[in-house]
Number of protein chains: 2
Amino acid sequence: MHNTTLKKISEILGISISTVSRALKHHPDISLKTRQKVIDLAEALDYEPNASAVQLRTRNSKLLGLMVPTISNYFYETFIAAVEEDARKQGYSVMILQSGNDPVIELENLKLFRQNRVSGVFACLSLSTTDMKGFERMRELDIPVVFFDNVPEEDGLHKICMADEKSAQLAAELILQQPYQSVLALFGNPQLSITKKREEALKLAFQSHPKIELLVEHAGNSEEAQNITHAMLDKHQPDIIFCMSDEILIGVLKTIQQRGLHYPDNIALLTISNGTIPKLFHPQITYIETSGEKLGRLAFSHMLNCINGNSEAKELLVDAVLVKGGSV
Amino acid sequence: MHNTTLKKISEILGISISTVSRALKHHPDISLKTRQKVIDLAEALDYEPNASAVQLRTRNSKLLGLMVPTISNYFYETFIAAVEEDARKQGYSVMILQSGNDPVIELENLKLFRQNRVSGVFACLSLSTTDMKGFERMRELDIPVVFFDNVPEEDGLHKICMADEKSAQLAAELILQQPYQSVLALFGNPQLSITKKREEALKLAFQSHPKIELLVEHAGNSEEAQNITHAMLDKHQPDIIFCMSDEILIGVLKTIQQRGLHYPDNIALLTISNGTIPKLFHPQITYIETSGEKLGRLAFSHMLNCINGNSEAKELLVDAVLVKGGSV
DNA sequence: GTGAAAGCGCTAACAA
DNA sequence: TTGTTAGCGCTTTCAC
């Protein structure tokens, strides 16, 4: 049991609780002598302030909420790692919750954040979120919410995204520079905001090149991507496959390997990715970077601004960068 | 601001705070009428109990600490995901902190756990931890600590590990079944408890087969593994490479691909892994499974026992399973 | 079946 | 420079 409290220290030293409290915070009012006595004794008794008591009294929790569909994901894990690291440096802790893409759990998690009186929330919407009540309640309570990755469509919210349109444009440019005649573009779940943005931008870029065949498909996970790729390769001869994400890429790679195909000779490959998977292969797969880490750092610094009231709601973008490999 | 409190509800209803408190917990003393009135009003006013106040009063935090070197890791992310999921189902939240393999941060993190009065801690030691004071303090405070992955050597602690010895034995068995004459075994940082256990067990298994050449090397990360593999392949002709972990495997795979080698024809491959990386390749790489998820679930259920005082300190093992691929 | 009161550990306004 | 006091929101014992 934690049994060293301000009261105990004050009793031993024969001074008041408030003096002890002040001394421990290096309040200038307190004489050096007293201060030192208090600090020494606190040290000796392993005093450790009760965070709940402090938070109850000050209404300032130094706790941030972070919700993702799942922690176990190439992208989210780097996002979380970055946020946690920056938060720690600023004296914040992070309460990380998974929604499992279940709107009911999402709602419960938001409630948990509220009950813990978090100072702010980072949230990636679950796939099937339609009811935004949980988030609206956050707004009522003046708890800033910074959305990332899969974000709501409404304006007037804090959103941190990668430059989805630009990344798709970059991909299109790279493809159009080459003499490819047929392009297979594989996207993720069409409900996701990132899917919509990337898909629209890619299609737009190809509109002025009607001679090039653009085959667009959607896959909810790696396995689906794998199957769809097989099916498409049975019917078509795309020169290049564009993957919207690592998850898609994984499925595509399996199919390619299963069929004994080699990139870039038999077919070219281009993806949007965190970088982990593309670098596992040789030649390295060319990708447009989505850095969970950069996104996380930006999200955290924006959160800090929100908490300090210095930020109107806006969408911030992490720039898209092409990382050349040997697959195009 | 959260402004609905028990007090407010009690004032509106003209009853006492304690009655409100009881009604909200479905205390049998309270009449159905009163109870319903209270519950309805609480609902209408979006009452959400202040977790800090509850914890301050009850000294029961429903909060668990979890510390890893980094969240962004194939193994830890699955461990964390499993713990978080099970914890949520039992009404616990998890405070996840990264040590970055820095003993100083590790100590600070433990302090943070204490200040937040967590009910228990899951900890994977940082690489260079020598000072166990932070953990001893946990013991003094009766806060159970469940170690996992990289665990201390001392007895009398709660440890959740995979069956490291057995996994190395399984690997050795599989290798010895084949006509391999030379084996390159790559291990991680020799300070890690898992490295020591796996290495010793593997060496032991080969002692009775002195004719087989066993080359043992250590690499601190993927890049080192990549370089070492190059160097070893320059000098030797191993028939098979055994990798202690995904991190090592990644480096080895790069070298193999760079050299245009193919498994299992030119060289065989065997690894201990979570499964993610081995399944990315075709043929799939044969591996002995370390399931972060299984470890996490076991760790959590053991933690629950510890919290309820039903558990003496012991080391629990997750069994090693061979997952056959096409690389041996 | 309900209320009064004490107190968890801390901070901060006000007094001295 | 230090102490007194009130109170954050909640639970729980004891009394009625």
Side-chain angles (χ1 to χ4, degrees), chain A residues 1-39 41-42 45-63 91 111-112 114-119 141, chain B residues 1-39 41-42 45-63 91 111-112 114-119 141:
Chain A
M1 267 290 300
H2 267 93
N3 45 12
T4 305
T5 62
L6 294 188
K7 189 177 172 194
K8 186 167 176 186
I9 295 178
S10 76
E11 281 167 357
I12 295 179
L13 257 27
I15 57 181
S16 77
I17 297 180
S18 41
T19 304
V20 176
S21 173
R22 290 185 193 114
L24 254 16
K25 322 191 123 59
H26 303 93
H27 193 109
D29 275 2
I30 304 300
S31 74
L32 254 174
K33 262 185 273 176
T34 316
R35 197 192 297 181
Q36 202 52 52
K37 263 198 314 191
V38 170
I39 290 175
L41 184 59
L45 296 181
D46 290 317
Y47 172 71
E48 299 187 314
N50 184 318
S52 296
V54 174
Q55 127 76 0
L56 181 59
R57 182 59 237 242
T58 61
R59 292 132 174 291
N60 178 1
S61 72
K62 286 288 182 185
L63 220 205
K111 179 179 285 188
L112 216 49
R114 275 180 245 123
Q115 294 182 353
N116 283 279
R117 304 298 191 259
V118 295
S119 300
L141 296 170
Chain B
M1 266 291 298
H2 267 92
N3 46 12
T4 306
T5 62
L6 296 187
K7 189 177 171 193
K8 185 164 176 188
I9 295 178
S10 76
E11 281 167 355
I12 295 179
L13 257 28
I15 57 181
S16 77
I17 296 178
S18 35
T19 303
V20 176
S21 173
R22 289 187 192 111
L24 253 16
K25 324 192 121 58
H26 303 92
H27 193 109
D29 274 5
I30 305 300
S31 72
L32 254 173
K33 260 185 272 174
T34 317
R35 196 192 299 180
Q36 203 51 53
K37 260 198 320 195
V38 170
I39 290 174
L41 184 58
L45 296 181
D46 290 316
Y47 171 71
E48 298 186 316
N50 183 318
S52 294
V54 174
Q55 127 75 359
L56 181 62
R57 181 60 236 240
T58 62
R59 293 130 172 289
N60 179 359
S61 71
K62 286 288 180 183
L63 219 205
K111 179 179 285 187
L112 215 49
R114 276 181 246 121
Q115 295 183 352
N116 283 279
R117 303 300 191 261
V118 295
S119 301
L141 296 171

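Computed over heavy atoms, backbone and side chain alike; hydrogens, waters and symmetry mates excluded. Chain identifiers are assigned alphabetically (A, B, ...) following the order of the sequence lines, protein sequences preceding nucleic acid strands; residue numbering begins at 1 within each chain.
- Only B/T5, B/L6, listed by number, bring a heavy atom of residues 2-14 of chain B to less than 4.0 angstrom from any atom of DNA chain D.
- Whole-Å rounding puts the B/L24 CG to C/dT2 C1' distance at 16 Å.
- Legend: residues meeting salt bridge (Lys or Arg N to Asp or Glu O under 4.0 Å) with B/R114, ordered by chain and number and at least two apart, are A/E48.
- The side chain to side chain donor-acceptor pair (under 3.5 Å) contacts involving residues 3-15 of chain B comprise nothing, where partners must be two or more places apart or lie in separate chains.
- Rounded to a whole Å, the CD atom of A/Q55 is 13 Å from the C1' atom of D/dC10.
- A close approach under 4.0 Å does not occur between any side-chain nitrogen or oxygen of B/T58 and OP1 or OP2 of D/dC10.
- A close approach under 4.0 Å does not occur between any side-chain nitrogen or oxygen of A/T19 and OP1 or OP2 of D/dT1.
- Between A/Q115 atom CD and D/dC10 atom C1' there is a gap of 13 Å when expressed in whole angstrom units.
- Side-chain N/O atoms of A/R117 include none lying less than 4.0 angstrom from OP1 or OP2 on D/dG9.
- Distance NE2 (A/H27) to P (D/dT1): 10 Å, rounded to an integer number of Å.
- By the 4.5 Å heavy-atom criterion applied to side chains, A/N116 and B/L63 are not counted as neighbours.
- Nucleotide D/dT12 holds its C1' atom 14 Å from the CG atom of B/L56, rounded to whole Å.
- Dashed line: the shortest gap from a side-chain N or O of A/R35 to OP1 or OP2 of D/dT1 is not under 4.0 Å.
- For B/D29, the salt bridge (Lys or Arg N to Asp or Glu O under 4.0 Å) test picks out no residue, with sequence neighbours left out.
- Distance, A/N60 CG to C/dA12 P: 10 Å, rounded to whole Å.
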Shorter than 3.5 Å, N or O on both sides, protein versus nucleotides 4-7 of chain C: list them out with atom names.
from  : atom 1 : to    : atom 2 : distance (Å)
C/dA4 : N6     : B/S18 : OG     : 3.2
C/dG7 : N2     : B/R57 : NH1    : 3.1

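- Here C/dG1 presents its C1' atom at 7 Å from CG of B/D29, a figure rounded to the nearest Å.
- Between A/R59 atom CZ and D/dG9 atom C1' there is a gap of 9 Å when expressed in whole angstrom units.
- For DNA chain C, none of the residues of residues 45-53 of chain B falls under the heavy-atom distance limit of 4.0 Å.
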